[in-house]
Every structure is written in structure tokens, then in C-alpha cells.
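Below is one structure; the comments refer to it alone.
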Amino acid sequence: MAASGQTLTMMPKTVQELAAAVEEPPSRYVRPEQERHAGLLAADEMPEPIPLIDLSRLTDTDEAEKLRAALHQWGLFLVTNHGIEDSLMDAMMSASKEFFRQPIEEKKKCSNLVEGKPFEIEGYGNDKTITKDQILDWQDRLHLTLEPEDERNFGKWPSHPESFRNVLHEYASRTKGIRDLILRSIANLLELDEDYFVNQLSNKATGFARFNYYPPCPRPDLVLGLKSHSDGGLLTILLVDEDVGGLQVQRDGKWYNVPAKPYTLVINLGDCMEIMNNGIFRSPIHRVVTNAEKERLSLAVSYRVDGEMVLEPASGLVDDKRPSRYKKLKTKDFVVGLIEHFLQGKRFIETLKI
């Protein structure tokens, strides 16, 4: 018992610890009955494959049209010839797995819960719990700031494995190049100035790495690794575990498995991009299902515009025939609403539609 009669707050168990200790998931993780009735693992047969885009050929008309079709139909796509060497992807995934396989005491050195301080998004742990009846996801995560580089908090970056920081730094430098290439390609498809979206990225634009660890779950039919949501930024570049699937995307109310192919990346649009392109290309709703026998790990690198920037559709995409479809607001206010709605399993962007 602490002084003045206050009970010390213990750090909650991580899902990794929980998975090793229970035969049934606690009720806090069990999805609502109506959701389970529809089948948490259910995935429909693909109407057509999710396009695989060759980034080295995006200047070719055929490849650009494949990208347009992917954005219209799915809001996400797979990429190859992206400029990240196989060896660097292997090193990034290996360092990530090594971090999560450390003893819990080591991982907690990067904890997002610090005694005497408010909840922090950055660091190792779980997402914030805001209500007693909030349904939790079957995952632990490590959330790190990448951009701006001078705002990196190395106190939260793992020091073990020793290679982690250098590998992540190199990997992040490559994803920035992919980001800019995709943004320019989307601008071309929308007949905007090629650098329109890239020019929205000031030196205060943000980038984050989120390492998602999904331990084996005893009841995949009851629990989700990550609830259905759409990403909030411009776009997300996802490195997935090629040995274990789990990512699903929603289209026309049905769920489809996103394939995991060796040395490809999955790229999806975020809500900021949906607003900026006036809803021509949408941010996809997606989720992660759990696996009874195998752990799964993914790395999502997400990019967002400066918090002080006003989010609104590009003027070149607004006219009498296609008026603005979204209310405008500052990015920092959008992020506040985004996080609050995500924790409740809702989409903030829906409240902004006109």
C-alpha cells in the first residue's frame, strides 16, 4: 500500500503474458455476439486478386492504370521492385521478432506507461483503455516516432537487439522514398501537379513505426488481433509476416484475406488522403484476425501531414459537379478525434462527411 492510502498502479499484463497463462481469452477481449455470429474468421472468395504493382514501372501507362484500379476497388495494393533489398527486409523483421521475444522486463524498458506521467502513445505496451467495457485487441505493440527525425525519442527505441536502431533508421529512409513515389503517382492519376501531395509535407510532417505483435490466441473465433478500422494518415507502408496471414480488408461489406507474398509490401491509403483527394480514392477498412497456433508480427510505417495544416480537399478536385465532401479542420484536431473514435471502434472521418 502506498503512502496516503493510495494503491500503487501495476502495469497491466501484456497480451503476450496473457496468452501464455490462459486457456480462454478474458471477456474484455471477446467481440460482441452479433459480430461473432457473422464469423470472425470468415473471408469471402476474392472477386479478383488485389493488384501487385511494380514500382519500377509506374511511369508506364499500363502500370499506372493498375494502380488506379487498385485504389478504386480496394484502397490498398501490393508492391514489388520497391527499392528495399530483401536482406534489409529480413533484418528488419528479424530485429522486430527478437525484440518481442525478449523477457518482459527488457521490453518494459521501452514502456509507454511511466509512473507519474499520463498515458503515452509512444513506446511498448498496449493501446489506451478509456472505458470499462472497451473491447481490447489481442496484440502488443511498439510505437515509435520516425519523422521529424529531430523528434525521435531514442529512450523508447530498443537498445536490444543492437542492430535494431540502425536497421530501423535505414528501413525508414527507404519507406520515405516509396511514400513520395506513391504520392506523385496518385497526383498524376488525379491530374494534379505531380508534387501536389509531396508539397503538403513540411519539415514538421510526421511519420511513425508501429510494430504489431499478435501472440497465438486460444479462441480465434471470439477475438480479433486488431479491430476493424481505417488508418488516419496519408498512407501506410506495411511489412507483413510472410509465414502467417491475418490481415483482412473490407469491400462492399465483405471481408477478404490480403495475401502475404515474400518481399512485397502492402500499401494502403489513410483518411487524410481520402479527404485531400475529395473521396475519389477511399481509405480502406481493415482488421487482423488471430491464429490459434502461431505468433504473427507486422510493421506499419504511417505518414501524416503537419499538425497545423488544415485538412481539406485539393482545390483542383472541387467544382460545381463535385463539391467538397468533407468538413475542413486542422490535422492536430483530426488526430484527437481519430484516436478517440478508434478506441471505440468507430471512424472519425464519417463525422466529417458533408
Side-chain angles (χ1 to χ4, degrees), residues 49-60 62-64 66-67 70 76-102 141-149 152 154 156-186 197-198 201 205-214 231 233-247 258-270 288 294-303:
I50 295 174
L52 175 64
I53 308 296
D54 184 341
L55 292 192
S56 70
R57 297 182 56 238
L58 267 181
T59 54
D60 297 353
D62 289 349
E63 208 67 18
K66 272 177 64 178
L67 176 60
L76 61 70
F77 50 95
L78 281 66
V79 298
T80 186
N81 289 328
H82 40 63
I84 303 180
E85 300 91 339
D86 294 356
S87 58
L88 180 54
M89 297 176 78
D90 285 340
M92 188 73 266
M93 187 59 75
S94 176
S96 305
K97 289 181 177 179
E98 193 171 339
F99 168 76
F100 282 103
R101 288 171 180 169
Q102 292 181 103
R141 90 293 192 278
L142 174 66
H143 187 105
L144 302 174
T145 296
L146 299 176
E147 300 288 335
E149 283 195 34
R152 291 180 178 179
F154 289 109
K156 300 294 186 182
W157 286 46
S159 56
H160 184 84
E162 291 184 4
S163 63
F164 188 99
R165 296 184 180 188
N166 287 338
V167 171
L168 178 56
H169 176 78
E170 184 62 28
Y171 182 83
S173 71
R174 306 301 182 84
T175 58
K176 277 180 71 174
I178 296 171
R179 174 199 69 186
D180 292 350
L181 176 61
I182 297 298
L183 292 180
R184 289 190 173 102
S185 299
I186 293 174
F197 294 116
V198 173
L201 297 168
T206 53
F208 306 96
R210 179 174 168 128
F211 299 81
N212 302 294
Y213 177 80
Y214 305 96
D231 293 347
L234 281 173
L235 54 80
T236 299
I237 300 170
L238 184 68
L239 173 63
V240 299
D241 194 327
E242 63 186 62
D243 297 322
V244 187
L247 178 62
V258 178
K261 297 185 178 182
Y263 304 115
T264 62
L265 298 167
V266 180
I267 298 181
N268 66 268
L269 299 189
V288 176
K294 297 180 179 180
E295 65 180 7
R296 179 178 182 272
L297 192 138
S298 67
L299 165 57
V301 176
S302 302
Y303 292 100

Heavy-atom side-chain contact between Ile178 and Leu181 under 4.5 Å: no

Approximate separation, where rounding is to 0.5 Å, of Leu52 CG and Leu78 CG: 6.0 Å

Beyond-backbone contact of Leu265 with Thr175, side-chain heavy atoms, under 4.5 angstrom: no

Lys176 vs Glu147, side chain to side chain contact (heavy atoms under 4.5 Å, CB included): CA-CA, chis, key distance, verdict: CA-CA 10 Å; Lys176 277 180 71 174; Glu147 300 288 335; 3.1 Å; yes

Heavy-atom side-chain proximity of Tyr171 to Leu239 below 4.5 angstrom: yes

Leu168 vs Leu146, side chain to side chain contact (heavy atoms under 4.5 Å, CB included): CA-CA, chis, key distance, verdict: CA-CA 9 Å; Leu168 178 56; Leu146 299 176; 4.0 Å; yes

No-hydrogen, no-angle side-chain donor-acceptor test under 3.5 Å, Thr236 and Ser302: yes

Verdict with supporting geometry, Thr264 and His82, side chain to side chain contact (heavy atoms under 4.5 Å, CB included): CA-CA 8 Å; Thr264 62; His82 40 63; 5.6 Å; no

Interatomic spacing from CZ in Arg101 to OG in Ser96 - rounded to 0.5 Å: 10.5 Å

Distance, nearest 0.5 Å, that separates CG of Leu299 from CG of Asp241: 12.0 Å

N/O donor-acceptor pair under 3.5 Å between Arg141 side chain and Arg210 backbone: no

Check: Pro158 and Leu142 side chains under 4.5 Å, non-hydrogen atoms: yes

Non-hydrogen side-chain atoms of Phe99 and Leu297 separated by less than 4.5 Å: no

Point-to-point distance, once rounded to the nearest 0.5 Å, from CD of Glu242 to OG of Ser298: 13.5 Å

Heavy-atom check, side chain of Tyr303 versus side chain of Ile237, under 4.5 Å: yes

Cationic N near anionic O, under 4.0 Å, Glu295 to Lys97: no

Which atom of Arg152 lies closest to which atom of Ala172, heavy atoms considered: NH2-CB, 4.3 Å

Close aromatic pair by centroid cut-off 6.0 Å: Phe164 and Phe211: yes

Atom of Leu247, atom of Val288 and distance for their closest heavy-atom approach: CD1-CG2, 4.3 Å

CA sep, side-chain torsions, deciding dist, call: Ser185, Leu67, side chain to side chain contact (heavy atoms under 4.5 Å, CB included): CA-CA 9 Å; Ser185 299; Leu67 176 60; 3.8 Å; yes

Approximate separation, where rounding is to 0.5 Å, of Phe77 CZ and Ile50 CD1: 11.5 Å

Close side-chain approach of Arg179 to Leu234, heavy-atom, < 4.5 Å: no

Within-4.5 Å side-chain heavy-atom neighbours: Val240 and Val258: no

Ionic contact status for Lys66 with Glu63, cut-off 4.0 Å: yes

Side-chain donor/acceptor of Arg174 to backbone N/O of Leu88, under 3.5 Å: no

Neighbour count >12 (heavy atoms, 6.0 Å) for atom CD, Glu162: no

Point-to-point distance, once rounded to the nearest 0.5 Å, from CG of Asn268 to CD1 of Ile182: 11.5 Å

